[in-house]
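I have placed the structure first, in the form of structure tokens, so that the comments after it can refer back to it.
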Amino acid sequence: MKAYKVLGTTDDVTTCELCGKPELKGTVVLAPLDEDGNPDGECYFGVSCAAKAAGWTQREVRAGIKTAKDEERARQQAERDAAWAAEREFLAAWYEERYGTRDLHEAAERAGVSTVRLSGEAIHAYREVQRAAESAPVEEPAEELEVVEESGVEHRETLVRVAGVERVIRTEIGGKVRTTKQLETAHTKAVKAALVEMRRANVEGYKRAADELEARPWFPLKDLDVKRLRNIARRAERGTLHSHGTYDVAAMRKPHPPVRFTDAVPEYLVEVEPGHYATDEAAESLALF
């Protein structure tokens, strides 16, 4: 029996690949292992089918899901810790280079400014270095659906562009398509089919963009950007399109609650400078302990 490893769960794929059951809340992501024990692709099953495919019990599948989630949380925490350590090291080196000490308070005293102001300058310098590192962003494969170029009673025409490749989708009244409603439905299906086909042809481009982004140095929201590109590639492979949500217009139109202004300083804030307050966590961060 083929060996598997549980990678986690996903709600991007809601159809079991083993039994074909659709509209699941989510699926278990299993990675088949090669002869060396390395993941080789991904499979998407319901819990019971995942157990059947791997030769496990459902309890073992759920335990594997928990382990995968714990490992992912640990990885993300390690990445955050590394980013925070890199920032602290940069700030300390910045103080030392300019004021001959790695201690914020000593550096502020020598500079004749407050610790808040000096740490703010150092953090700003760190952000500039980060922005410079991110100044050459990875180009994502272009994909867009332009507005209908030509529209009439007898036909519908739409220009679809995916990764620089253009295709004009034209649907005309005739045969089984007789009414305007049937024309709209047929044209929508034709556009979706074209998008799926063109995106499948560009799967390698999506994967390459995700790999290039993942290889870049860490920056805020990098994990989310990589995950988004991976999901685009996965949907392109499977021929599914992203379903966008809708806005709650009624809720958006409701007036905001009235705002009350007061001079009273909440008890949970501490004074970091005369007239300037922050939470304990923010004050601690500014002071670099």
Side-chain angles (χ1 to χ4, degrees), residues 1-54 61 64-65 68-69 71-72 75-76 137-146 158-169 187-216 221-245:
M1 182 174 289
K2 195 171 183 65
Y4 290 91
K5 178 182 178 180
V6 180
L7 299 183
T9 59
T10 180
D11 55 6
D12 288 331
V13 180
T14 57
T15 300
C16 178
E17 291 185 352
L18 189 62
C19 68
K21 184 177 181 180
E23 298 182 2
L24 300 172
K25 290 183 179 179
T27 51
V28 181
V29 186
L30 292 185
L33 302 180
D34 59 21
E35 295 178 355
D36 298 325
N38 299 316
D40 182 23
E42 293 180 358
C43 303
Y44 302 86
F45 304 125
V47 174
S48 59
C49 287
K52 186 183 301 183
V61 172
I65 293 172
K69 289 181 176 179
E71 290 175 351
E72 177 62 17
R75 187 194 66 78
Q76 292 179 359
V138 176
E139 282 191 24
E140 296 180 23
E143 176 178 328
E144 60 181 90
L145 175 63
E146 294 192 356
T158 302
L159 174 65
V160 177
R161 181 184 296 116
V162 175
V165 178
E166 294 185 352
R167 183 183 297 183
V168 176
I169 311 302
H187 185 64
T188 299
K189 289 181 178 179
V191 170
K192 286 184 176 180
L195 275 173
V196 167
E197 180 184 345
M198 295 170 74
R199 294 179 76 204
R200 275 178 173 162
N202 191 52
V203 166
E204 293 306 317
Y206 293 128
K207 290 181 177 179
R208 187 166 54 252
D211 291 340
E212 290 175 359
L213 182 61
E214 193 165 34
R216 295 269 309 276
L221 302 182
K222 173 186 172 182
D223 288 344
L224 291 178
D225 289 343
V226 171
K227 183 179 179 181
R228 178 172 54 80
L229 285 175
R230 296 287 185 208
N231 287 340
I232 289 175
R234 187 177 297 118
R235 284 193 292 268
E237 275 186 312
R238 299 184 172 279
T240 57
L241 299 175
H242 181 69
S243 58
H244 297 277

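Residues Asp12 and Arg235 have side chains in contact (heavy-atom distance under 4.5 Å, counting atoms from C-beta outward). Considering only heavy atoms from C-beta on, Tyr4 stays 4.5 Å or farther from Leu33 through its side chain. Inter-residue side-chain proximity for Asp225 and Leu229 is flagged as unmet; no heavy-atom pair is nearer than 4.5 Å. Between Arg167 and Glu197, the closest side-chain pair of non-hydrogen atoms falls below 4.5 Å. A heavy-atom distance below 4.5 Å is not found between the side chains of Leu30 and Lys5.
Of all heavy-atom pairs spanning Phe45 and Glu17, the tightest one is CE2-CB, 3.9 Å. In terms of heavy atoms, Val6 sits closest to Val61 at CG2-O, 4.4 Å. The minimum heavy-atom distance linking Cys16 with Gly46 is given by the pair SG-N, 3.4 Å.
With sequence neighbours excluded, no residue forms a side-chain hydrogen bond (donor to acceptor under 3.5 Å, both in side chains) with Arg200. For Asp211, the side-chain hydrogen bond (donor to acceptor under 3.5 Å, both in side chains) partners two or more places apart in sequence, or in a different chain, are Arg230. Considering only residues two or more places apart in sequence or on other chains, Val203 meets the side chain to side chain contact (heavy atoms under 4.5 Å, CB included) condition with Lys207, Ala236, Glu237. For Glu204, there are no side-chain hydrogen bond (donor to acceptor under 3.5 Å, both in side chains) partners two or more places apart in sequence or in a different chain. With sequence neighbours excluded, no residue satisfies side-chain hydrogen bond (donor to acceptor under 3.5 Å, both in side chains) with Glu71.
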Which pairs would a plain distance check flag for residues 19-28, meaning a side-chain donor or acceptor within less than 3.5 Å of a matching protein atom at least two apart in sequence or in another chain?
| unit_1 | atom_1 | unit_2 | atom_2 | d |
| --- | --- | --- | --- | --- |
| Thr27 | OG1 | Val13 | O | 2.9 |

